[in-house]
Amino acid sequence: MKRVRLDPRTKLYMILVVSSIVMMSATTPLLWAVRLAVTAIPLALLVVEKRYASALRFSVLYAVALLLSFRFLSEESTGVFQSLLTGYCGIVVQFMPAFITAWYVVRTTKIGEFMSAMQRMRVPDGIAISLAVVMRFFPTIKEEYAAISDAMRMRGISLGGGSAVKMVEYRMIPLLFSCVNIGDELSAAAITRGLGGKGKRTSVEILRLQVFDWLLIAAFTAAAGFFVVFKYVL
Amino acid sequence: MNAKQLTAKDFITIGIFTAIWFVVEFAFGMLGYIHPYIVASYVVMLPLAGAIPMMLFYTKVEKFGMITIMSILIAIIMFVTGMGYLGAPLCIAAGLAADLIAKSGGYKSFKKTVLSYGVFCLWICANYFPVIITAESYRRGLVEAGFSAEYAESLFRAINTRTIGVLLIVCFVFGCIGAYLGKAAVKKHFEKAGIV
């Protein structure tokens with residue numbers, strides 16, 4: 001199958017629409033259907049990108065949470081277990097669609113594409129560069145954190161002697177150390193490649209909205225319009 | 001190039017610290033689903049927990065705009081993660097004000113840094129905005145999303161138009177306390193190691 005390459009601008013639009021729809025609460029089965037459809041698209045795109053494991057994981061998580069919150073939780077639920085369950089389902093049902101979309105975008109957008117798209121949309125450099133760094137930095141933080149936890153476990157101080165302050169301190173300080181160093185390396189690398197120079201930057205990635213992009217944009221616009229009309233007008 | 005202008009290095013620093021700050025916020029934010037009073041206590045936890053990275057960030061801030069850009073990024077991330085756009089203006093305003101306060105101290109004065117961080121922390125209250133402004137529909141949304149009526153009740157008992165003032169003040173105060181603690185931590189670990 002020919003690989004579908006989406007334009008980063010389409011992806012950003014997708015994020016925009018999905019998070020707006022997630023923000024408005026779905027009240028009728030019809031609205032839930034729209035919400036599910038909107039969630040299904042990034043999942044399908046994950047499959048197209050051959051990210052089967054994450055697609056499956058997300059689908060299962062989301063399905064279980066939906067099922068639980070519809071079957072077992074209601075206005076009358078009380079008790080500790082119930083409220084923990086509510087918490088879990090609440091997070092997942094509420095944020096999963098936006099999370100899946102964001103995950104898809106972060107995992108499949110090359111930094112060059114992203115920067116080039118930002119430039120085309122005339123986003124100021126400051127915001128574009130910082131946002132690109134944020135996007136790329138989450139996986140780094142996760143890696144560093146795992147390394148720190150490993151080191152702590154090896155020395156048997158993973159609970160920080162039972163003190164909450166120590167637990168935070170033991171983790172955060174080493175993490176900050178490595179992040180600051182990585183940041184310095186990152187800026188050195190970026191500046192050698194001409195970031196922040198005076199000239200207009202060119203890009204190897206030539207961005208063009210293709211048929212598939214337009215189709216998706218149309219689909220998402222329709223979904224958002226549908227949602228708003230049925231929620232607020234009818 | 002103008003020395004006052006932000007360079008690519010500054011932008012990368014902003015990006016890194018925003019990512020760290022967001023991870024910290026996210027980790028604590030998850031606790032809020034256990035009980036609504038924890039949601040209200042964000043104003044205590046987040047300024048304290050975020051103080052160490054932020055104080056380290058402040059040591060790297062020398063030019064106007066870095067704190068403002070950070071607040072814009074936070075507003076964008078908040079929107080993307082589905083927390084709404086109602087808080088965005090407060091978020092950016094807090095960032096801008098924090099930036100101006102720090103600037104008046106030349107980004108060196110510790111007193112101004114404390115104040116600035118206190119103001120910056122006010123963005124946390126931006127998270128409450130949807131709860132207050134759209135109270136009725138938010139409540140309905142919560143219950144329909146499977147939260148119990150008990151959760152919704154406690155949430156609105158803790159966060160409403162009357163308590164928001166208190167929350168803002170508490171947030172500011174703990175921001176200032178956090179700044180002192182964060183500064184101590186930075187001094188203890190980073191200045192000795194010669195990183196700053």
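No experiment lies behind these values; they were computed from the predicted model shown. Note on naming: letters A, B, ... go to the chains in the order of the sequence lines (proteins, then strands), and numbering restarts at 1 for each one.
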#### Entry: Ala190(A) versus Ile12(B), closest heavy-atom pair with distance
CB-CD1, 4.0 Å

### side chain to side chain donor-acceptor pair (under 3.5 Å) involving Ser187(A) - partner list, sequence neighbours excluded
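Ser187(A): no side chain to side chain donor-acceptor pair (under 3.5 Å) contacts found.
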
### Qualifying residues under side chain to side chain donor-acceptor pair (under 3.5 Å), relative to Thr10(A), sequence neighbours excluded
Asp213(A)

#### Entry: Heavy-atom check, side chain of Met172(A) versus side chain of Ile20(B), under 4.5 Å
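No. Closest side-chain heavy atoms not under 4.5 Å.
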
### Task
Report yes if the side chains of Val180(A) and Phe17(B) come closer than 4.5 Å at any heavy-atom pair, otherwise no.
yes

### Message
Can you confirm whether more than 12 heavy atoms, excluding those of Phe57(B), are under 6.0 Å from its CZ atom?
### Response
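Counting neighbours around CZ of Phe57(B), more than 12 heavy atoms of other residues, nucleotides or ligands fall under 6.0 Å, so yes.
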
### Message
For Phe110(B), is the CZ atom crowded, meaning more than 12 foreign heavy atoms sit under 6.0 Å from it?
### Response
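Yes, enclosed.
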
Side chain, backbone, both or neither: which part of [X] has a heavy atom under 4.5 Å from chain B?
{"X": "Ile141(A)", "result": "side chain"}
{"X": "Leu16(A)", "result": "both"}
{"X": "Ile15(A)", "result": "side chain"}

### Task
Name the member of Ile69(B), Thr18(B), Leu73(B) that forms the most heavy-atom pairs with chain A at distances under 4.5 Å.
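Maximum pair count with chain A is reached by Leu73(B).
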
### Task
Heavy atoms only, distances under 4.5 angstrom: which of Ile52(B), Ile72(B), Thr13(B) has the most pairs with chain A? Name it, please.
Ile52(B)

### Query
Where on Ile76(B) is there a heavy atom nearer than 4.5 Å to chain A: the side chain, the backbone, both, or neither?
side chain

### Message
Name the residue from Ile129(A), Ile191(A), Leu186(A) that meets the side chain to side chain contact (heavy atoms under 4.5 Å, CB included) definition with Lys9(B).
### Response
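For Lys9(B), the side chain to side chain contact (heavy atoms under 4.5 Å, CB included) test succeeds with only one of Ile129(A), Ile191(A), Leu186(A), which is Ile191(A).
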
### Residue from Phe137(A), Phe138(A), Tyr145(A) passing side chain to side chain contact (heavy atoms under 4.5 Å, CB included) with Val23(B)
Phe138(A)

### Residues forming a salt bridge (Lys or Arg N to Asp or Glu O under 4.0 Å) with Lys142(A), sequence neighbours excluded
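Result, salt bridge (Lys or Arg N to Asp or Glu O under 4.0 Å) vs Lys142(A): none returned.
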
### Evaluation steps, side-chain contact (heavy atoms from CB on, under 4.5 Å), between His189(B) and Leu176(A)
CA-CA 10 Å; His189(B) 295 286; Leu176(A) 282 173; over 6 Å; no

### Derivation and outcome, side-chain contact (heavy atoms from CB on, under 4.5 Å), residues Val134(A) and Phe22(B)
CA-CA 9 Å; Val134(A) 173; Phe22(B) 181 71; over 6 Å; no

#### Entry: Contact residues of residues 92-105 of chain B (partner chain A; heavy-atom separation under 4.5 angstrom)
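Counting heavy atoms that sit under 4.5 Å from chain A, no residue of residues 92-105 of chain B is involved.
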
